[in-house]
Amino acid sequence: MNSLSVSSKPLIFSLINLIITFYVNPITARHSIPFRSKNLYPESIVWDQSAQHFLISSLSYPKISSVSDAGVVETFIHDTDLPANCTINGITIDKINRRLLAVVHAIDEEQPHFDALASYDLRSRQRLFLSPLTDYDVNAVNPIRPIANDVTVDFKGNAYVTNSAGNFIWKVNDKGESSILSRSGTFKKHHVEADKLWSFCGLNGVAYVNKGYLLVVQSNTGKMFKVDEDTGKARLVLLNKNLTAADGIAVRDNGDVVVVSHHTAWLLKTDDSWGEGVVYDEIALDVKKFASAVAVRNDNKRVYALYGNVNEPLMEGNNVEREEYEIEEMEWEKESQEEKIWIYVLVGFGFAYFMFWRFQMRDLAKNMNKKTA
């Protein structure tokens with residue numbers, strides 16, 4: 001009996017060391033994916049769980065590319081039937097209907113404007129429809145040229161597209177029929193930083209929450225709004241700080257929200273379905289690389305920022321050349337600390353159990369010795 005107790009000690013301590021090594025070390029391992037593609041300037045990103053790769057849009061070409069974990073870039077869709085001056089802004093995946101949805105926008109202001117939502121079959125990569133997005137406000141005296149920006153999709157196949165210039169949201173059903181979901185006055189009630197680079201950009205990143213509403217961020221005010229998917233009614237989400245120059249947004253399975261700007265990534269939490277929320281943690285991003293989007297990986301915990309340097313073509317037009325970009329995992333310090341604490345608690349319980357077991361084995365050995373004596 002004594003020999004059993006002694007030989008079990010290394011087993012217990014090895015188990016404790018294994019727990020620490022396996023759970024603590026990977027938390028601090030940040031995943032970075034550099035990739036190369038001449039003048040691609042990727043603006044949006046989504047994780048394709050079925051193919052286990054990222055999909056990215058382009059501000060330079062009417063195409064969508066795939067990026068592997070090894071940084072291998074391949075053309076996924078190149079739609080040559082789109083108008084020549086069009087690029088791809090936001091993209092998302094309709095997991096239920098296995099479609100890729102892409103926001104098409106004519107970026108050249110000297111050319112006729114064109115905004116649309118394109119739908120592609122993820123397997124065949126063939127286009128299913130191209131739905132024009134127009135401003136249906138017939139009473140507008142001086143209509144603003146639309147900027148169709150980001151897109152999200154609900155479980156019924158309805159897509160929602162933000163208009164960054166007009167501050168409203170389009171809705172496109174699964175057949176490609178478009179309408180305006182929300183032109184709420186709430187979107188125009190807040191101060192705009194007129195002297196900033198992003199002053200022209202209103203509603204931007206949008207995400208669907210499975211409780212029946214959208215969350216949308218506004219770049220030029222730093223505000224976030226909750227929008228009912230049926231009525232289009234919008235209300236301001238009360239936060240403890242503004243999300244200055246907010247661009248991309250993503251929702252994790254646990255309900256937490258991640259928002260990125262070109263300078264900061266914010267982790268947001270709520271306990272009342274986004275009537276109010278708090279910035280739980282934030283990360284300073286590389287300003288020179290100009291992050292514009294965020295994607296949640298299929299484990300719904302790992303979150304990646306897209307460094308697409310999209311400020312360069314917007315500010316300098318066609319006079320710039322770039323080949324290197326990056327997708328980088330974001331590590332939340334507060335979450336890492338919480339996870340480490342739980343690991344230490346588990347190790348403590350394991351050690352206490354070992355000591356209790358050792359005490360029991362010692363008493364058992366004494367009793368057995370007495371009986372044999």
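The chain is numbered in sequence order, starting from 1. From a predicted model like this one, the values you see are computed outputs, not experimental measurements.
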Would you please test Trp266 and Leu239 for side-chain contact (heavy atoms from CB on, under 4.5 Å) and show each step? CA-CA 12 Å; Trp266 297 276; Leu239 299 174; over 6 Å; no
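- The shortest side-chain heavy-atom distance between Ile77 and Lys63 does not fall under the 4.5 Å cut-off.
- The side-chain heavy atoms of Lys156 and Glu229, taken from C-beta on, include no pair separated by under 4.5 Å.
- Once rounded to the nearest 0.5 Å, the distance linking CD1 of Ile64 with CG of Leu100 reads 4.5 Å.
- With sequence neighbours excluded, no residue forms a side chain to side chain donor-acceptor pair (under 3.5 Å) with Thr92.
- Legend: residues meeting ring-ring contact (aromatic ring centres under 6.0 Å, His included) with Tyr41, ordered by chain and number and at least two apart, are Tyr325.
- Cluster annotation: Val259 and Val278 are assigned to distinct hydrophobic clusters (Ile/Leu/Val/Met/Phe/Trp/Tyr, side-chain heavy-atom contacts under 4.5 Å, transitive).
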Criterion side-chain contact (heavy atoms from CB on, under 4.5 Å) on Leu268 and Trp274, from CA distance to verdict: CA-CA 10 Å; Leu268 310 178; Trp274 297 107; 3.6 Å; yes
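- Side-chain contact between Asp247 and Val217 is absent, with no heavy-atom pair separated by less than 4.5 Å.
- Annotation: side chain of Met330 is in contact with side chain of Val260 (closest heavy-atom distance under 4.5 Å).
- Under a hydrophobic-cluster definition in which Ile, Leu, Val, Met, Phe, Trp and Tyr are linked whenever side-chain heavy atoms come within less than 4.5 Å, directly or via other members, Ile91 and Leu122 are assigned to the same cluster.
- Rounding to the nearest 0.5 Å gives a distance of 5.0 Å between CG of Asn89 and CD of Glu43.
- At least one donor-acceptor pair under 3.5 Å links the side chain of Thr152 to the backbone N or O of Tyr208.
- Judged as a side chain to side chain donor-acceptor pair (under 3.5 Å), and not counting sequence neighbours, the contacts of Ser32 are Glu326.
- Looking at heavy atoms from C-beta onward, Tyr160 lies out of side-chain contact with Val227 at the 4.5 angstrom threshold.
- In plain terms, the two heavy atoms of Val279 and Asn240 that are nearest each other are N-OD1, 2.8 Å.
- In this structure Trp198 satisfies the ring-ring contact (aromatic ring centres under 6.0 Å, His included) test together with His262, sequence neighbours excluded.
- A salt bridge links Glu282 and Lys241; the closest N-O separation between the charged side-chain nitrogens and carboxylate oxygens is under 4.0 Å.
- In this structure, Ser44 contributes its side chain and Gly90 its backbone to no donor-acceptor pair below 3.5 Å.
- Ala291 is linked by a side-chain contact (heavy atoms from CB on, under 4.5 Å) to Leu285, Tyr307, counting only residues two or more places apart in sequence or in another chain.
- Sorted by first and then second residue, the ring-ring contact (aromatic ring centres under 6.0 Å, His included) pairs involving residues 214-245 (not counting sequence neighbours) are Phe187-Phe225, His190-Phe225.
- No side-chain donor-acceptor contact under 3.5 Å links Asn39 and Tyr61.
- Remark: Lys175 engages no residue in a salt bridge (Lys or Arg N to Asp or Glu O under 4.0 Å) (not counting sequence neighbours).
- Applying the side chain to side chain donor-acceptor pair (under 3.5 Å) test to His105 and every residue at least two apart in sequence or in another chain returns Asp115.
- Without hydrogens or angle criteria, Thr270 side chain to Asp272 main chain gives a donor-acceptor distance under 3.5 Å.
- Crowding of Lys269 atom NZ: a count of heavy atoms from other residues, nucleotides or ligands under 6.0 Å exceeding 12.
- In this structure, a donor-acceptor pair under 3.5 Å is absent between the side chains of Asp256 and Tyr280.
- At a threshold of 4.5 Å between side-chain heavy atoms, the hydrophobic network of Ile, Leu, Val, Met, Phe, Trp and Tyr places Ile96 and Ile93 in two separate groups.
- Residues Ala165 and Ile144 share a closest heavy-atom pair of CB-CG2, 3.7 Å.
- Between Ser131 and Trp170, the closest side-chain pair of non-hydrogen atoms is not below 4.5 Å.
- A donor-acceptor pair is defined here as one N or O able to donate and one able to accept, closer than 3.5 Å; no such pair exists between the side chain of Ser65 and the backbone of Phe76.
- One N or O on the side chain of Asp281 and one on the backbone of Glu333 form a donor-acceptor pair closer than 3.5 Å.
- Here the closest heavy-atom approach between residue Gly71 and residue Val67 is recorded as CA-CG1, 4.2 Å.
- Taking OG from Ser57 and CG from Asp150, the interatomic distance works out to 9.0 Å, rounded to the nearest 0.5 Å.
- With a 4.5 Å cut-off on side-chain heavy atoms, Phe35 and Ile56 count as touching.
- If you take NZ on Lys188 and CZ on Arg183, they are separated by 7.0 Å, rounding to the nearest 0.5 Å.
- Identified under the side chain to side chain donor-acceptor pair (under 3.5 Å) test for residues 209-222, with sequence neighbours left out: Asn167-Gln218, Asn204-Ser219, Lys211-Ser273, Gln218-Thr221.
- Proximity of Arg127 to Leu82: side-chain heavy atoms (C-beta onward) are separated by under 4.5 Å at one or more points.
- A continuous path of hydrophobic side-chain contacts links Leu238 to Val216 [ILVMFWY only; heavy atoms under 4.5 Å].
- Smallest separation of non-hydrogen atoms from Ala245 and His263: CB-NE2, 4.2 Å.
- Using a 4.0 Å cut-off between a side-chain N of Lys or Arg and a carboxylate O of Asp or Glu, Arg252 and Glu335 qualify as a salt bridge.
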Where do Leu101 and Leu117 land on the side-chain contact (heavy atoms from CB on, under 4.5 Å) test, with the steps shown first? CA-CA 7 Å; Leu101 301 173; Leu117 181 69; 4.3 Å; yes
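- For Thr244 against Glu193, the heavy-atom pair with the smallest separation is CG2-OE2, 3.8 Å.
- For Phe114, there are no ring-ring contact (aromatic ring centres under 6.0 Å, His included) partners, not counting sequence neighbours.
- Linking Ile, Leu, Val, Met, Phe, Trp and Tyr residues whenever their side-chain heavy atoms come within less than 4.5 Å leaves Leu203 and Val153 in two separate clusters.
- Arg36 is linked by a side-chain contact (heavy atoms from CB on, under 4.5 Å) to Glu323, Glu324, counting only residues two or more places apart in sequence or in another chain.
- Scanning for ring-ring contact (aromatic ring centres under 6.0 Å, His included) contacts around Phe129 gives an empty result, with sequence neighbours left out.
- Taking both residues in full, the closest heavy atoms of Val161 and Asn149 are given as CG1-N, 4.3 Å, listed atom of the first, atom of the second, then distance.
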Carefully, step by step, assess Leu181 and Asn158 under the rule side-chain contact (heavy atoms from CB on, under 4.5 Å). CA-CA 11 Å; Leu181 170 72; Asn158 298 307; over 6 Å; no
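- Contact check on Lys171 versus Asp154 returns no salt bridge, with no Lys/Arg side-chain nitrogen under 4.0 Å from an Asp/Glu carboxylate oxygen.
- No donor-acceptor pair under 3.5 Å is formed between the side chain of Ser182 and the backbone N or O of Ile169.
- Looking at Ser178, its side chain does come within 3.5 Å of a backbone N or O of Pro132 through a donor-acceptor pair.
- Put simply, OG on Ser37 and CZ on Arg322 are 12.5 Å apart, with the number rounded to the nearest 0.5 Å.
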